[in-house]
Amino acid sequence: MSETCVPTGVGVKETGFGYTLSLIGGKYKMIIMYWLSENKVMRHNELKRKIGTISYKTLSVMLKELEADHLIVRTEYPQVPPKVEYTLSERGLTLIPLLNMMCEWGEKNSSLPLDAAQRQASNLC
């Protein structure tokens with residue numbers, strides 16, 4: 001039997017897998033990181049327009065959490081009106097290959113008819 005990311009007797013939160021999920025989990029964090037990887041530098045309102053379904057408050061909370069986890073960098077310019085830009089940090093950039101792999105997996109597997117997907121799932125059990 002091969003080793004797993006979650007060894008027996010160890011809580012998921014205590015693993016690398018759990019740590020990664022704690023950083024990028026949730027509805028919007030990966031989407032924010034995706035847009036920052038595509039555009040390099042973005043402002044709050046630009047992100048809001050790209051995501052569309054997110055509220056201003058939720059976006060602010062997600063950005064603060066990503067900044068606290070050192071995945072994005074917030075740069076504030078001392079001018080009137082205030083200008084704030086967001087970019088991926090070096091640490092955040094290291095997650096982009098993971099997000100790309102998730103995207104590729106989704107593209108390959110989302111086109112499977114439901115019957116084929118169910119057969120594959122039953123073969124795994």
Side-chain angles (χ1 to χ4, degrees):
M1 185 181 284
S2 63
E3 281 194 41
T4 66
C5 190
V6 184
T8 305
V10 176
V12 173
K13 291 181 180 180
E14 299 166 8
T15 65
F17 179 74
Y19 177 70
T20 305
L21 283 180
S22 75
L23 295 179
I24 62 172
K27 188 172 180 179
Y28 295 107
K29 287 183 178 179
M30 287 188 280
I31 296 168
I32 292 167
M33 292 183 68
Y34 165 79
W35 282 115
L36 288 175
S37 73
E38 288 291 308
N39 295 285
K40 308 300 180 227
V41 176
M42 295 185 79
R43 296 177 70 181
H44 190 279
N45 284 337
E46 290 176 296
L47 282 163
K48 168 72 174 100
R49 280 192 296 274
K50 291 289 189 182
I51 297 169
T53 58
I54 193 170
S55 71
Y56 284 100
K57 181 178 180 181
T58 301
L59 178 56
S60 294
V61 169
M62 295 294 106
L63 289 169
K64 286 178 184 174
E65 288 178 8
L66 289 166
E67 182 185 14
D69 291 331
H70 306 288
L71 297 177
I72 65 171
V73 175
R74 179 183 188 272
T75 306
E76 189 173 337
Y77 297 94
Q79 64 185 48
V80 177
K83 179 180 175 183
V84 177
E85 294 179 335
Y86 298 93
T87 58
L88 286 173
S89 67
E90 287 188 33
R91 184 177 192 212
L93 286 168
T94 64
L95 282 169
I96 298 307
L98 173 65
L99 299 181
N100 288 336
M101 285 190 288
M102 290 172 66
C103 182
E104 290 170 16
W105 186 92
E107 288 171 359
K108 288 178 185 173
N109 290 278
S110 66
S111 61
L112 285 175
L114 187 57
D115 294 346
Q118 288 174 336
R119 280 195 300 275
Q120 282 185 342
S122 65
N123 290 337
L124 295 175
C125 297

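Positions are given from 1 along the sequence. Excluded from the calculations below are hydrogen atoms, water molecules and symmetry mates; all remaining heavy atoms, backbone and side chain alike, are included.
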Gap separating the [atom1] atom of [X] from the [atom2] atom of [Y], nearest 0.5 angstrom:
X     : Y     : atom1 : atom2 : result
Ile51 : Trp35 : CD1   : CH2   : 9.0 Å
Lys29 : Leu99 : NZ    : CG    : 13.0 Å
Ile54 : Arg49 : CD1   : CZ    : 14.0 Å
Tyr86 : Arg74 : OH    : CZ    : 4.5 Å
Leu36 : Ile31 : CG    : CD1   : 12.0 Å
Asp69 : Ser89 : CG    : OG    : 10.0 Å

Counting distance only, does the side-chain N/O of [X] pair as donor-acceptor with the main-chain N or O of [Y] below 3.5 Å?
X     : Y     : result
Thr94 : Arg91 : yes
Ser60 : Tyr56 : yes
Glu46 : Arg43 : yes
Lys57 : Val61 : no
Thr87 : Lys40 : no

Does one hydrophobic cluster hold both [X] and [Y], with members joined at side-chain heavy-atom distances below 4.5 Å?
X     : Y     : result
Val73 : Met30 : no
Leu63 : Val41 : no
Tyr34 : Leu23 : yes

Using side chain to side chain contact (heavy atoms under 4.5 Å, CB included), reason through Met42 and Lys50 one step at a time and then give a plain yes or no. CA-CA 10 Å; Met42 295 185 79; Lys50 291 289 189 182; 3.7 Å; yes
What is the minimum heavy-atom distance between [X] and [Y], and which atoms define it?
X     : Y     : value
Gly18 : Thr15 : N-OG1, 3.0 Å
Ile72 : Glu67 : CG1-N, 3.6 Å
Met33 : Leu71 : SD-CD1, 4.3 Å

With a 4.0 Å cut-off on N to O distance, would you call Glu76 and Lys83 a salt bridge? no
CA sep, side-chain torsions, deciding dist, call: Leu95, Leu88, side chain to side chain contact (heavy atoms under 4.5 Å, CB included): CA-CA 10 Å; Leu95 282 169; Leu88 286 173; over 6 Å; no
Would Thr75 and Val84 count as a side chain to side chain contact (heavy atoms under 4.5 Å, CB included) here? Give the steps. CA-CA 6 Å; Thr75 306; Val84 177; over 6 Å; no
Between Tyr77 and Glu85, a side-chain donor and acceptor under 3.5 Å: yes
Please indicate whether Glu90 has more than 12 foreign heavy atoms, meaning atoms of other residues, nucleotides or ligands, lying under 6.0 Å from its CD. no
Side chain to side chain contact (heavy atoms under 4.5 Å, CB included) between Leu59 and Tyr28, intermediate numbers included: CA-CA 8 Å; Leu59 178 56; Tyr28 295 107; over 6 Å; no
